[in-house]
Structure formats: C-alpha cells, structure tokens
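The structure under discussion appears below in the form of structure tokens.
All values derive from a computational prediction rather than experimental measurement. The figures that follow rest on heavy atoms only: side chains count, while hydrogens, waters and symmetry mates do not.
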Amino acid sequence: LPSTNDNEPGIVKYQVPGLLVLDTPGHASFSKLRSRGCSICDMGILVVDIMHGLEQQTRESLAILRQTRTPFIVALNKIDVLLDWKTTRNGSSQAGLHQQAAHTQQDFLTRTHSVIHELQAEGLNSALYWENEDPRKFVSLVPTSAVTGEGIPDLILWLLTLAQQHLRRSIGVEESPTAQPVKATVLEVTNSAPYGHTIDVVVSNGSLREGQRISVECSGGVQHTTIRHLLTPKPMKD
C-alpha cells in the first residue's frame, strides 16, 4: 500500500506515520497483559475463530475493549479451513470469496451470520467490512487466515482507512518531539539474561537513548533509573 497518487487504481494513499501492532497472547493466563495492551492502543483487532465463534478469552477481550472504549475490528480468522476453501496465499479475502464454489460461499455466510448473531447478543451490531456503511455504529468483520495470509491485505487496508478517517490526530507524531516529554507505556517487566531486569515499552512520541534518565510509575511509587541498553525484538522466523 505505497503512498502515491489518488488517481492510481488499486493504490491507497495513506497519511498516517505508521501502524504498530501488538500481538497479545490469547491464553487465559495472559489476561493482565491483554488488559494493559488494550489500555494503550488506539484501535483493537479482536481475533474470532470463524469455526467456533466467540470463546471465553474472546469474550474477555471484548469486555476489555468495551471497558476502555477502544474502537476495534474483528478478524474473522481460519477461513482456510472452511468447506473446500480454495486458497490464494496472501490474497484479498473479499476477492477470494467470489472465487469459491457455491457451497463454500454458503458455509462462509452461515458461519459469519452465526458470529454476527453472537456479537448481537453482546449488544454489538456488526457487518462484513465491504458491506459496512457506518463503521462508527457497526463493527467491521474482516475474513482472514493466519496460515495462508488471506485477508491480511484487507485487514491492513481497513485499519489504514479507519485510522485516517477517525484517528489521525490521536496517532500523529509531534513535529518537535524534543519540545514534549517522551511518551511511553510499560507493557511488561521481565528478567532477561544477561541484562537482568528489562522493561518492554511502547514509545508513542519522542525517542529513547542509552544513558538517558527516565522515571517509571510503579505500584510502589515513581522509580528513577538510567537506560543502560536499548534492545530490539528478534525478527520473526516464520
């Protein structure tokens, strides 16, 4: 989705500085991390298994999103395991759906409507993103497959579209970050060999440097420390 001329077909011109996606684990023991991640995000992606609908952890995450008033979209995942689904790796799920046999499309629609009804029981209206005429009132459903990559282009496209339309001010970066204090949120504190205690942070504005003094708000009060090392996550292998 390169930034380019609006008149160029098939290309979306984006006007946001970028998107940072935090993937919080779905296991029940990570509920606090999910809650912390929700509290700092501008928009959430709720992953729902199209084969099983809303599960316990899904409902918990949904409750956190609503409690924090975080706008979100639903990634309707695992479309690749639908009946006789023909895969187009990393392709558009909207385009791919039209290429499926009639019984596969019917299986998709049946399961999608089941999820829509489950969300409705939770007090939420929802619709497939390409049928959603009012994203402020209806939650958008984006069919995806984490295995084949189908629907990921749709997901990125819709995230950028909604971010540009409704969140441009909140996700913008200050022109002069030195004029404002660094804005960062601690996600997790871990013990990482050989460095000892490390903190995972999301920097939303400004920059951090080694040797810089920082103040971190903790349960026991504000702690002051010096940044000894800046570590970046290892690249994904899959």
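- In this structure, CG on Leu46 lies 10.5 Å from CD1 on Ile64, to the nearest 0.5 angstrom.
- Counting only N and O atoms by type, the side chains of Thr87 and Asp80 include no donor and acceptor under 3.5 Å apart.
- Within the structure, ring-ring contact (aromatic ring centres under 6.0 Å, His included) pairs that include any residue of residues 198-219 do not occur (at least two apart or interchain).
- Formation of a donor-acceptor pair under 3.5 Å by the Gln105 side chain with backbone atoms of Gln100 is found in this model.
- Taking Trp158 as the reference, Tyr129 meet the ring-ring contact (aromatic ring centres under 6.0 Å, His included) condition, with sequence neighbours excluded.
- Both Leu65 and Leu124 are part of a single hydrophobic cluster, where members link through side-chain heavy atoms under 4.5 Å apart.
- Grouping the Ile, Leu, Val, Met, Phe, Trp and Tyr side chains by contacts below 4.5 angstrom, directly or via other members, places Leu62 apart from Val47.
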Mind running side chain to side chain contact (heavy atoms under 4.5 Å, CB included) on Val142 and Val74 for me, showing each step along the way?
CA-CA 6 Å; Val142 183; Val74 170; over 6 Å; no
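- Atom CG in Leu76 sits 4.0 Å away from atom CD1 in Ile50 (nearest 0.5 Å).
- Between the side chain of Ser145 and the backbone N or O of Thr148, at least one donor-acceptor pair lies under 3.5 Å.
- The shortest side-chain heavy-atom distance between Thr70 and Met43 does not fall under the 4.5 Å cut-off.
- To the nearest 0.5 Å, atoms CG (Leu162) and OG (Ser140) are separated by 5.5 Å.
- Side chains of Thr198 and Thr190: a donor-acceptor N/O pair is present below 3.5 angstrom, by distance only.
- Side-chain contact check for Gln106 and Thr110: at least one donor-acceptor pair (N or O, by modelled atom type) lies under 3.5 Å.
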If you apply the rule side chain to side chain contact (heavy atoms under 4.5 Å, CB included), what do you find for Ile116 with Leu128, and how did you get there?
CA-CA 9 Å; Ile116 289 175; Leu128 290 167; 5.7 Å; no
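- Residues forming a ring-ring contact (aromatic ring centres under 6.0 Å, His included) with His229 (at least two apart in sequence, or on another chain): Tyr195.
- Put simply, the side chain of Thr104 gets close to the backbone of Leu83: a donor and an acceptor are under 3.5 Å apart.
- Residue Glu133 places its CD atom among 12 or fewer non-hydrogen atoms of other residues, nucleotides or ligands, all under 6.0 Å distant.
- The closest donor-acceptor contact from the side chain of Arg89 to the backbone of Val147 lies under 3.5 Å.
- Enclosure of atom CD in Gln67 is not indicated, since only 12 or fewer non-hydrogen atoms of other residues, nucleotides or ligands lie within 6.0 angstrom.
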For residues 211-221, run the donor-acceptor check on the side chains, cut-off 3.5 Å, and write out each pair with its distance to 0.1 Å, sequence neighbours left out.
| residue | atom | partner | partner atom | Å |
| --- | --- | --- | --- | --- |
| Gln212 | OE1 | Arg209 | N | 3.1 |
| Arg213 | NH1 | Thr226 | OG1 | 3.0 |
| Ser215 | OG | His224 | ND1 | 2.7 |

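- Note that the NE2 atom of His52 and the OG atom of Ser114 stand 11.5 Å from one another [nearest 0.5 Å].
- Side-chain atoms of Glu150 come within 3.5 Å of backbone atoms of Thr88 as a donor-acceptor pair (strictly under, hydrogens ignored).
- Ala75 and Ile45 get closest at one heavy-atom pair: CB-CG2, 3.9 Å.
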Run the side chain to side chain contact (heavy atoms under 4.5 Å, CB included) check on Asn125 and Val139 step by step: do they pass?
CA-CA 6 Å; Asn125 294 318; Val139 176; over 6 Å; no
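- Remark: Lys137 NZ to Asn132 CG distance equals 11.5 Å, nearest 0.5 Å.
- Linking ILVMFWY residues whenever their side-chain heavy atoms come closer than 4.5 Å, directly or via other members, places Leu160 and Leu141 in the same cluster.
- Atom-to-atom distance recorded for Leu159:CG and Asp42:CG is 11.5 Å, nearest 0.5 angstrom.
- No donor-acceptor distance shorter than 3.5 angstrom exists from the side chain of Asp84 to the backbone of Ala101, with no hydrogens or angles considered.
- Connection of Val81 to Ile152 is established within a shared hydrophobic cluster, with ILVMFWY side chains joined at heavy-atom distances below 4.5 Å, either directly or through further cluster members.
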Check the pair Ile79 / Ser93 against side chain to side chain contact (heavy atoms under 4.5 Å, CB included), numbers first and verdict last.
CA-CA 9 Å; Ile79 59 173; Ser93 55; 4.0 Å; yes
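- Cluster membership check: Leu230 shares its hydrophobic cluster with Val189, using side-chain heavy-atom separations under 4.5 Å among Ile, Leu, Val, Met, Phe, Trp and Tyr.
- Gln94 places no side-chain N or O within donor-acceptor distance of the main-chain N or O of Trp130, the cut-off being under 3.5 Å.
- Applying the salt bridge (Lys or Arg N to Asp or Glu O under 4.0 Å) test to residues at least two apart or on different chains, the pairs with a partner in residues 103-120 are Arg59-Glu118, Asp107-Arg111.
- The closest side-chain heavy-atom distance from Met51 to Leu82 is below 4.5 Å.
- Between the side chains of Ser92 and Asp154, a donor-acceptor pair is found at a separation under 3.5 Å.
- Applying the ring-ring contact (aromatic ring centres under 6.0 Å, His included) test to every pair with at least one member in residues 88-126, sequence neighbours left out, gives no pairs at all.
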